[in-house]
Trainee: 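Structure below; questions to follow.
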Amino acid sequence: MSIVEQQPTTALRSEPPSRSDDGRLVVRNLAKRFRSVEAVRDISFTAEPGQVTGFIGPNGAGKTTTLRSLLGLITPTGGTATVNGVPYRELVQPTRVVGAVLDSNGFHRSRKARAHLRIYTAAMGLPDRRADEVLELVGLARVANRKAGGFSLGMRQRLALATALLGDPQVLILDEPGSGLDPEGLAWLRGFLRRYVATGRTVLVSSHQLAEIAQTVDRVVIVSKGRQVFEGRMDELAGDNRDRVRVQCSDADRLAGLLARNGLREVTVLPENWLSIVGATVTQVGDLARTAEVSVYGMHREPADLERRFLQLTESEFLPEAPGGPPSDPPAQPVQPVQPAQSVPTTQEGDR
Amino acid sequence: MSAPTLDTVNRPAAWSVGEIRDLVRSEFRKTRSTSTWWALLIPAAVISLLLAWNSAKEGYLAANLAQALDFAILFATLFGALYATAEYRHNTIVTSYLNAARRPKLAVAQMILAALVGVVYGLVSVVAGFGGLLLSRTGFDGDLPWVLTVSAGSLPLFALWAVVGVGVGMLLRSQAVAVLAVLLYTMLIENVAVYLASDSPVLDKITDYLPRVATAYALSGFTGGEQFGGTFGVAHAWWLMLLVVAGYAAVAMLVGIAAARRRDLT
């Protein structure tokens, strides 16, 4: 199942949908209690058009309950969840406004992919060719006449996405779309979501892994144990936990002094002539070391540890020991593949 | 946060004929793309044929056909139940409700589709029943008018019983439980109730209005006074009994809709 081939994007309208409403999702003080179990409590966030909003939390944190409340599948016991200012159930032709990818098992096993989609083109009053368009869009055109029961998990995820896209919706809501996708498929999905919001639409995507969507999202909402613990931009999530440069040199104090004179004041002097500099780049530090005439023995960039921040916020039981002190074995500093530096341009682009 | 102009765009969706037509078309495709409809139609036809053939050796043709159809109707109910529960079994109910966010709309579309399939079950069973009658007799003799009346009169009963199946399915959701409930009721529970009530003249009158008994009375009425099964006569007008069955179909749908309306899909 190769999907890296050029995806035709023609089936996606290039200009924003010509509707007078904005495609904003608003959740206010949402609460849901299932008999004695309180699934979510006091969840409040907004997903804006033109942005990918990540909805992150450990399994069982209440992500699915919140998303399904937004989609009118679950009746909240408190608060509101609205699309374009109204509850989902009151939308006229809801699937033309919101597309949802909720689970990868929503197919009759003996139904062919195209037949599955044509059930919903009929229900939505769309022409049947729309089924083939979305199959093409998600890279399933060649298996259009195969039964969904024989699909791999990745293919079923794509078919679920194709179903969501039928109505060319203004808003896309995805619940754990990454599970079951191979790295190639995940990369494709990230690109797809970025292109989707680039046309002024709204994407709300949930995940239990920050790393999986950190590169894709503009804003994050983090939930844990049914409560919301964070809402904001990705760089706000990092907080004071920004990128650092660590350098070991022949004269740490001298280099620190020069760094301070060059505006880099957040410098920590560590044993064995190690320095930790917040908000610097390796080129900056390297050049200044040369000016200060100190020898550099080792230097590396330390990305802000978003994963750690996430685990702190969600009060994970698996929080690793804080890497506060100097690295005893300097270059072996483990770096999570979060790569927040790459997410920064995306964020700025999204914030405008 | 909310733009006031949006309220006019997003008025709560009213019921429109076009929308229900689209949903029925969607339900038609759901049905056609799976095997349930013909897998249950075959036994319905076979049973009609065999029962009509076997009983046509004695008695009146119209009554024999009525008895065969009375049994075949069970398959229309089973179809309705399996059709409605398939949505839950295969998890497609979520996609269906995302589209028909006003859930009763989907229920109405499914009711219409089931009624149409019920009529198809009726037509096929009638044709098979004719075949059975002709296998044992060379002609209809003077019975033809009543045979035709029973045939035509059975069609709304097939439709109504398929709708009952949908209501039961919407309520119970599990395929196995729904099928079991339909079979237990028609084959056992109602018969036991009728048997127990037969000693009391008052209760005996009341059991005439039980769904399966009423169906038999309606069919019996279409035979023009011929009896079948030994117990049923024309004690009640066929139209009254048809209305009673329609009442049960309506109650089944209302109960199914009430259960599905605000049910959380987690």
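The figures that follow rest on heavy atoms only: side chains count, while hydrogens, waters and symmetry mates do not. All chains are named by letter (A, B, ...) in the order of the sequence lines, taking the proteins before the strands, and each is independently numbered beginning at 1.
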Trainee: Do the non-hydrogen side-chain atoms of A:Y88 and B:L98 ever get within less than 4.5 Å of each other?
Mentor: yes
Trainee: Do the side chain of A:R118 and the main chain of B:R29 share a donor and acceptor less than 3.5 angstrom apart?
Mentor: no
Trainee: Would you say B:S26's side chain and A:Y120's backbone share a donor-acceptor pair under 3.5 angstrom?
Mentor: no
Trainee: Checking B:S96 against chain A: side chain, backbone, both or neither under 4.5 Å from a heavy atom?
Mentor: both
Trainee: Can you tell which part of A:T163 gets under 4.5 Å to a heavy atom of chain B, answering side chain, backbone, both or neither?
Mentor: side chain
Trainee: Given heavy-atom pairs under 4.5 angstrom as the criterion, report whether the side chain, backbone, both or neither of A:T65 touches chain B.
Mentor: neither
Trainee: As an exercise, state the distance from OG1 of A:T121 to CG of B:D22, rounded to the nearest 0.5 Å.
Mentor: 9.5 Å
Trainee: Which one wins on heavy-atom pair count under 4.5 Å against chain B: A:G106, A:A123, A:G99?
Mentor: A:A123
Trainee: Can you tell me how far CD1 of A:I119 sits from OG1 of B:T92, rounded to the nearest 0.5 angstrom?
Mentor: 7.5 Å
Trainee: Heavy-atom pairs under 4.5 Å with chain A - which of B:L106, B:N91, B:I93, B:L23 has more of them than the others?
Mentor: B:N91
Trainee: Can you say whether A:L102 sits under 4.5 Å from chain B via the side chain, the backbone, both, or neither, judging by heavy atoms?
Mentor: side chain
Trainee: More than 12 non-hydrogen atoms from neighbouring residues, nucleotides or ligands closer than 6.0 Å to CZ on A:R33, yes or no?
Mentor: yes
Trainee: Exactly one of B:V94, B:T266, B:D264 should register a side-chain contact (heavy atoms from CB on, under 4.5 Å) with A:R68. Which one does?
Mentor: B:V94
Trainee: Nearest 0.5 Å, what's the NZ-OG distance between A:K147 and B:S33?
Mentor: 10.5 Å
Trainee: State, yes or no, whether a side-chain contact exists between B:K30 and A:R111 at a heavy-atom distance under 4.5 Å.
Mentor: yes
Trainee: Just verifying a value: how many Å separate A:T95 OG1 and B:N99 CG, rounded to the nearest 0.5 Å?
Mentor: 3.5 Å
Trainee: If I measure from the heavy atoms of chain B, does A:K112 come under 4.5 Å with its side chain, its backbone, both, or neither?
Mentor: neither
Trainee: Would you find a donor on one side and an acceptor on the other, under 3.5 Å apart, between the side chain of A:R89 and the backbone of B:R103?
Mentor: no
